[in-house]
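Read the structure below first, then the notes.
Order of the sequence lines sets the chain letters (A, B, ...), proteins ahead of strands, with each chain counted from 1.
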Protein chains: 2
Amino acid sequence: MGDTDDRLGYDMAFQSESASMYHFHVADDHPLFRNAILEVIKRHYPDSVVGQSMDLDSAIRDLEKNDETDLLLLDLHMPGSQDLFGLIMVREKFPSIPVAIISADEDADTINRAMGHGACGYIPKSCSPQTIYDAIHTMLNGDRWVPDELHNSLTPVDSEEKDLAAKIATLTPQQYRVLCYLREGWLNKQIGYELGITEATIKAHITAIFRKLGITNRTQAVIMLSKMSLKDDVVS
Amino acid sequence: MGDTDDRLGYDMAFQSESASMYHFHVADDHPLFRNAILEVIKRHYPDSVVGQSMDLDSAIRDLEKNDETDLLLLDLHMPGSQDLFGLIMVREKFPSIPVAIISADEDADTINRAMGHGACGYIPKSCSPQTIYDAIHTMLNGDRWVPDELHNSLTPVDSEEKDLAAKIATLTPQQYRVLCYLREGWLNKQIGYELGITEATIKAHITAIFRKLGITNRTQAVIMLSKMSLKDDVVS
DNA sequence: GTCTATGTTCTACTAAAGTCGTATGGCATG
DNA sequence: CATGCCATACGACTTTAGTAGAACATAGAC
């Protein structure tokens with residue numbers, strides 16, 4: 001399986017596939033599909049390093065340790081990463097790391113918006129291993145990849161949605177966590193218990209969130225975020 | 001009642017339709033399109049009576065006076081009738097009156113759900129006068145009408161959405177009005193001012209709404225309703 | 001007519017939300 | 001190492017949200 005180079009180059013173009021040691025991270029809370037991805041990676045990039053996580057926080061911690069990750073494969077729906085928000089946060093924190101979305105949701109609008117928010121690819125979970133490999137290979141070369149039928153139909157994302165994404169991206173990690181619970185209709189007291197801090201602190205975070213989003217109460221926050229939500233997935 | 005002429009031609013204007021006197025109501029806050037509909041009706045059903053309104057409350061008042069209305073043409077988006085909620089309320093209050101949705105929104109999912117919530121037809125605003133006539137004619141005969149391309153692809157509405165619609169339908173008119181403002185992120189004080197009653201009364205209504213919807217606070221209400229919202233229309 | 005049932009309205013109360021000021025610790029810059 | 005910046009955390013206060021209970025009106029039912 002070839003020799004490996006410790007000193008990984010910054011430029012993928014130099015590296016032939018067999019000789020390259022890539023650094024992947026697979027973030028998906030669904031074990032079956034995570035394994036499917038791992039199979040593909042191990043088969044085609046046996047010398048690569050693969051981080052794994054089941055929620056957004058773990059993924060971010062791992063990326064912080066490995067800031068040279070070559071490709072993040074991110075599920076659209078896992079704890080802390082509903083809809084496009086996880087993608088937005090990761091793109092903000094690690095602009096240089098390419099992010100491929102993997103999701104059961106094959107809706108054209110969803111794929112289009114994921115790409116518009118900075119994903120370098122979108123892999124529907126129904127794809128064959130061969131297709132998954134094609135996609136990963138393409139993205140490691142610095143190109144974008146979407147399912148064939150959408151190749152020529154990508155359109156720019158609504159500017160209002162872009163604005164909102166930019167505001168979300170300014171939230172601190174803790175603020176973002178609080179917002180995730182707020183969005184689900186939790187009370188401040190409940191959020192505080194969940195995060196292990198007092199209700200007073202939750203309120204402080206929430207006030208800060210409102211300022212950043214340009215709103216004045218939680219109801220408006222939910223309204224604002226719901227405008228950015230995607231179609232519901234099919235429960236599999 | 002009923003029309004006896006099934007022969008449709010391009011200049012059929014004065015055939016046996018002229019002998020029947022239908023009762024229409026056109027509810028649309030966009031004057032241009034309201035007039036377009038009126039043109040079609042006056043041309044093909046010159047003896048008919050046509051009520052008009054620019055918001056849901058006026059429409060309902062008119063329907064109460066004319067409980068034998070043969071067809072209500074309802075815009076999806078006007079004051080008091082965002083998304084499918086207006087349709088749901090009207091179908092609950094007047095189950096015997098056929099409702100045709102007219103809207104600029106031509107999304108298949110939107111059309112499908114409107115039909116699933118009891119509309120007898122869906123007329124995209126891009127339709128020609130001739131097509132509008134075809135649609136109205138079909139619906140007056142008791143048949144349903146949707147754009148050709150969707151004729152065979154209507155699917156049942158999600159049961160959860162049906163449940164929610166049933167709950168919404170139990171709201172009193174005033175409760176529904178309050179809910180419309182709540183949904184937009186207004187404060188109780190503001191809603192009270194708008195409706196000309198005290199904040200205390202708004203609160204009482206809101207508590208009643210929560211009970212009917214099976215929730216405990218306004219944030220959950222917004223979340224619940226947002227699951228039922230449609231794709232945003234293009235602003236024309 | 002009386003008697004229910006229901007919608008609307010309100011007062012008085014409790015609970016939750018939201019703001020302000022402040023303190024601490026990490027971390028980068030000069 | 002001193003300084004400033006910022007994320008995080010908390011307590012005290014004010015404002016808004018939400019509940020309980022009752023008064024009043026109206027429409028049917030008996």
Judged by nearest nucleotide, the residue sitting upstream toward the 5' end of DNA chain C, B/N217 or B/P173, is B/P173
Write down the distance between CZ (B/F210) and P (D/dA17), rounded to a whole number of angstrom.
-> 10 Å
Could you check how far CD of A/E199 sits from P of C/dA17, rounded to whole Å?
-> 7 Å
Which sits closer to the 5' end of DNA chain C, B/H205 or A/I215, going by the nucleotide each is nearest to?
-> B/H205
Check whether any side-chain N or O of A/S103 sits under 3.5 Å from a backbone N or O of A/D105 as a donor-acceptor pair, and report yes or no.
-> yes
Under 4.0 Å: is that the gap between some side-chain N or O of A/Q174 and OP1 or OP2 of D/dA9?
-> yes
Integer-rounded Å distance: D/dC13 C1' and A/K203 NZ = 10 Å
Taking atom CD of A/E160 as the centre, does the number of heavy atoms from other residues, nucleotides or ligands within less than 6.0 Å exceed 12?
-> no
What's the CG-P distance between A/L182 and C/dA16, to the nearest Å?
-> 15 Å
Considering residues at least two apart in sequence or located in another chain, which fulfil the salt bridge (Lys or Arg N to Asp or Glu O under 4.0 Å) criterion with A/R34?
-> none
Using whole Å, report how far CZ of B/R218 lies from C1' of D/dT16.
-> 8 Å
Could you tell me the separation between the CD atom of B/Q220 and the P atom of C/dA17, rounded to a whole number of Å?
-> 10 Å
Would you mind reading off the distance between A/Q190 atom CD and C/dA16 atom P, rounded to a whole angstrom?
-> 9 Å
Using a cut-off of strictly less than 4.0 Å, decide whether B/T207 has a side-chain nitrogen or oxygen near OP1 or OP2 of D/dT19.
-> yes
Protein-nucleotide distance (A/I206, atom CD1; C/dA17, atom C1'), rounded to Å | 8 Å
